[in-house]
Structures are given as structure tokens and as C-alpha cells.
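The structure appears below as C-alpha cells.
Predicted model, so just to flag it, every value in this text is computed and none were measured. Protein chains get the first letters and strands the later ones, always in sequence-line order, with residue 1 at the start of each. Note: hydrogens, waters and symmetry copies are ignored here, and every other heavy atom, side chains too, is used.
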Amino acid sequence: MPEGPSILILKEKVQPFKGKTVVEATCNNKTLNVSLLIDKPITDFKSWGKHFLICFPDFTVRIHMMMFGTYRINSHTKKPPRLGLRFSDDTELNFYACQLQLITEPLDDVYDWQADIMSDKWNSKKAIKKMKAEPELMVCDALMDQQIFSGVGNIIKNEALFKTRIHPESLVAALTSKKRNQMINEAVKYAFQFLEQKNAGTLKKNWQAYHKKECPRDHVPFIRKDTGKSHRTSFYCEVCMKLYE
DNA sequence: GGGAATGTTCACTA
DNA sequence: CTAGTGAACATTCC
């Protein structure tokens, strides 16, 4: 479910609920005091990378889908939802297997919108600055760092590195500035392609690296390895992807 | 049944 | 104190 583009799709789908007032709210664990939501209007939906934000007048409910989160709009599954919202016109929103958090601070104090790769406030110069502050970071970890590239997940990481021919264990400081800029631009570009392809149902079909067995360029087996301090799986080709170190 | 997977945080140890 | 490890959560598929 996660990765930034999927959250944008969710945000788009719930637009009809903007302005509706919650008449009933349930939570299948104790992570959110749902009585706070009763009779409160949803003022907006926002997102920051993988965070989905339901805004109310005086607070925000943060939903993180983690690995397995799902949702249903105007329907539900057999299991009680982690967060279930019902409205007076008999419509409902249900979220499952997700992490909930109440945010009472102003969102501008909590989130650096310029770090969200899919936001129109995205600022690549700021990301470069953050990368320069951690020169020993491997690029696989840098891309997955939500404070630098909010919204990037393991799929976007693998596809962007393959397309730009950068070995995932390359060090940030060793990249040429040209290569670094290519990597950043490709991550952003692919995130939007991800969005389009997911909507078209062609996402998996278009993967060139993620979970692939061999390199489509060189037809040699991909290396599949836990990389970096994040220990997330990378799929890469030692023939065409250069290691900068 | 075991293992893996689009993710993150926290407790614990060396 | 810090870096690294393992656990925890939760779901579905093979």
C-alpha cells in the first residue's frame, strides 16, 4: 500500500468527504481517542510522503499505512477497522492495519513540506544540502531517508537507481554532482510515473529492477542483497550500475 | 508451516 | 552515548 504515490491516490479518492461531519468513529485498539472526532467536520485531507492526514478544525489525524495498511471507501471488510468513520449521509471511510497518531501542533511546525518529493513545494536544493550533511551515507539509505526524500520507498529507490545506473551501495559524497542530480530527478520523475502506472494498473508490468531476476540491459542475473543500514533489499546489476566510493 | 514483502519505532546490548 | 540488532505490529501470498 505505501510509498508516496499510493497516498496521493488515496487523497484523490477521499475528496468527496471533505467538509463532511463525523457522526460515528471507531478504533479497534486504543491508539486514538475517537470520541474527539464526533461531530467534527473534516476540513481537509493532506499528505506528506507516506503520511495521510485527515484535518479537523483543531487537530489532525495522521495515518501511516506501514507495510500492510489498506482502506475501504463506502464499504468494509470482515475485520473491524483500525479507524472507521461514518457520516450522516450513510457514507463511510475505513482504514485497516495502519498506525494512527493525533497531531495537535500546527502542521507547518511538524512537517517540512519541501522534503515531500511529490509536493509542489518540493525543493531539491534542500535535499542536496541534507545529503551533503551526511557524506558517508549510501545512496540506498539516502533515498529511503524520509527527512530527505519523503515518499520514496523501496520500489522507487530500486527503479531510480537502475534507471540512473547507480550502484545502491555508492556513497553520497562519491557521486559526481551531475550523477547526484540525475538520481534525485529520476526519483521524483519515477514517483509520478508510479502514480500514473498504478492508476492504469500497469505498475508491476513496468518494473525494470524491483523483484526482477535479470538485468534488462545486460541480461545477467541481478544481485539481490540487503543493503545499507536500512537493510532493505536492493536489486542491481554489477555490469551496468556503477559503484561510486 | 515458514518466509517474504511497498515500513517504522522502540527496547536492548555491546 | 551510540551504533547495531532484534522485536513488534500487521496481511497476504506462495
Contact pattern, 5' to 3', of nucleotides 5-13 of chain C - B, S or - by protein heavy atom under 4.0 Å: S----BB--
Donor + acceptor pair across side chains of W113(A), D108(A) (<3.5 Å):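 Per modelled atom types, W113(A) and D108(A) side chains form a pair under 3.5 Å.
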Donor-acceptor pair between S6(A) and K50(A) side chains, under 3.5 angstrom: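 On atom types as modelled, these side chains do not qualify, holding no pair under 3.5 Å.
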Give the rounded distance in Å between these two atoms: [atom1] of [X] and [atom2] of [N].
{"X": "F149(A)", "N": "dT8(B)", "atom1": "CZ", "atom2": "C1'", "value": "19 Å"}
{"X": "Q147(A)", "N": "dG7(B)", "atom1": "CD", "atom2": "P", "value": "15 Å"}
{"X": "E134(A)", "N": "dA3(C)", "atom1": "CD", "atom2": "P", "value": "11 Å"}
{"X": "Q101(A)", "N": "dT8(B)", "atom1": "CD", "atom2": "P", "value": "13 Å"}
{"X": "I63(A)", "N": "dT8(B)", "atom1": "CD1", "atom2": "P", "value": "16 Å"}
{"X": "K204(A)", "N": "dA5(B)", "atom1": "NZ", "atom2": "C1'", "value": "10 Å"}

Verify same cluster id: L137(A), F149(A) (apolar side-chain graph, 4.5 Å):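 Yes; tracing contacts between hydrophobic side chains, which count when under 4.5 Å, links both residues.
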Given dT8(B), dG7(B), dA5(B), the nucleotide with the shortest approach to the side chain of Q146(A):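 That would be dT8(B).
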Distance, P atom - from dG2(B) to dA7(C), rounded to whole angstrom: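 These two P atoms come out 15 Å apart once rounded.
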Distance between C1' atoms of dA5(B) and dG4(C) (Å, rounded):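 Per the computed distance, 23 Å lies between those C1' atoms.
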Watson-Crick and G-U pairing of DNA chain B written in dot-bracket, each distance under 3.5 angstrom, with | for inter-strand partners: .||||.||||||||
Test log, rule salt bridge (charged side-chain N to carboxylate O under 4.0 Å, His left out), inputs K130(A) and D112(A): CA-CA 12 Å; K130(A) 291 174 188 169; D112(A) 175 7; 3.1 Å; yes
Cation-pi check, R180(A) onto Y244(A) ring (under 6.0 Å, within 45° of axis):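 The answer is no; the distance or angle limit is not met.
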pair L83(A)-T26(A): side-chain heavy atoms closer than 4.5 Å: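 The answer is no, as the side chains (C-beta and beyond) never meet within the 4.5 Å cut-off.
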Of N154(A), D145(A), D141(A), the residue whose pairing with S230(A) passes side chain to side chain donor-acceptor pair (under 3.5 Å):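 When N154(A), D145(A), D141(A) are each tested with S230(A), the side chain to side chain donor-acceptor pair (under 3.5 Å) holds only for D141(A).
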Candidate list L37(A), V23(A), V14(A), test side-chain contact (heavy atoms from CB on, under 4.5 Å), partner L85(A), passing option: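 By the side-chain contact (heavy atoms from CB on, under 4.5 Å) criterion, L85(A) pairs with just one of L37(A), V23(A), V14(A): L37(A).
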Residue whose closest nucleotide on DNA chain B lies nearer the 5' end, E3(A) versus R62(A):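 Counting from the 5' end, the first nearest nucleotide belongs to E3(A).
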Residues that I42(A) engages under side-chain contact (heavy atoms from CB on, under 4.5 Å), provided they are two or more places apart: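 Counting only residues at least two positions away or on another chain, I42(A) forms a side-chain contact (heavy atoms from CB on, under 4.5 Å) with F45(A), I54(A), F56(A), F87(A).
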